[in-house]
Structure formats: C-alpha cells, structure tokens
Student: 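Before we start, here is the structure in question, set down as structure tokens.
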Amino acid sequence: MIAQDKLCYSVPELAKVLGISRPKAYELVKRDDFPSITVGKRIIIPASALERWLDENAGA
C-alpha cells in the first residue's frame, strides 16, 4: 500500500516510491495505460490512481 499522506506524486517521487530510476519513471508515465496528468510542464500522478494501476497490473 502507498502512503496516503499525499494526493499526487511528482515523477521523482514516483521513482522513489516504486524503487525505480528516474528515467524508468519517466518512461512509465509516457505509457498510455499509466495514470498521469500533465499540468503545464509538470507531470503528476494521483496517488489513488497509482494504487489502482498497481493492483490491476500486479503480476502482469
């Protein structure tokens, strides 16, 4: 389970939470099936959507 103290994560925070590199996190947010939102030049990932995506893709 992901910490619920944040509503959204930045890409560097996503990398830290998932234990992956920043380049791999940027690669992940570019996927069509990954829940990310672009606000101006910033990419954010809603925590609830990330948790749902992880549940749906576990073991895939």
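Being a predicted model, the structure only gives us computed values, none of them experimental.
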Student: For the residue pair V11 and I44, establish whether any side-chain heavy-atom pair is separated by less than 4.5 Å.
Tutor: no
Student: On a heavy-atom basis, which atom in A47 and which in K6 lie closest, and how many Å separate them?
Tutor: CB-O, 3.4 Å
Student: Answer yes or no: is there a side-chain heavy-atom contact under 4.5 Å between I37 and P46?
Tutor: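 They are in contact (side-chain heavy atoms under 4.5 Å apart), so the answer is yes.
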Student: Side-chain contact, heavy-atom cut-off 4.5 Å: S10 with R42?
Tutor: yes
Student: Give every donor-acceptor pair under 3.5 Å between a side-chain atom in residues 15-29 and any protein atom, sequence neighbours left out.
Tutor:
from	atom 1	to	atom 2	distance (Å)
S21	OG	K24	N	3.2
K24	NZ	E27	OE2	3.4

Student: So do the side chains of F34 and L14 get within less than 4.5 Å of each other, counting heavy atoms only?
Tutor: yes
Student: Has W53 got a side-chain atom pairing as donor or acceptor with S48's backbone, closer than 3.5 angstrom?
Tutor: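 Pair absent, no side-chain N/O of W53 close to backbone of S48.
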Student: For the residue pair I43 and S36, what are the closest heavy atoms and their distance?
Tutor: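 Looking at all heavy atoms of both residues, the shortest contact is CG2-CB, 4.0 Å.
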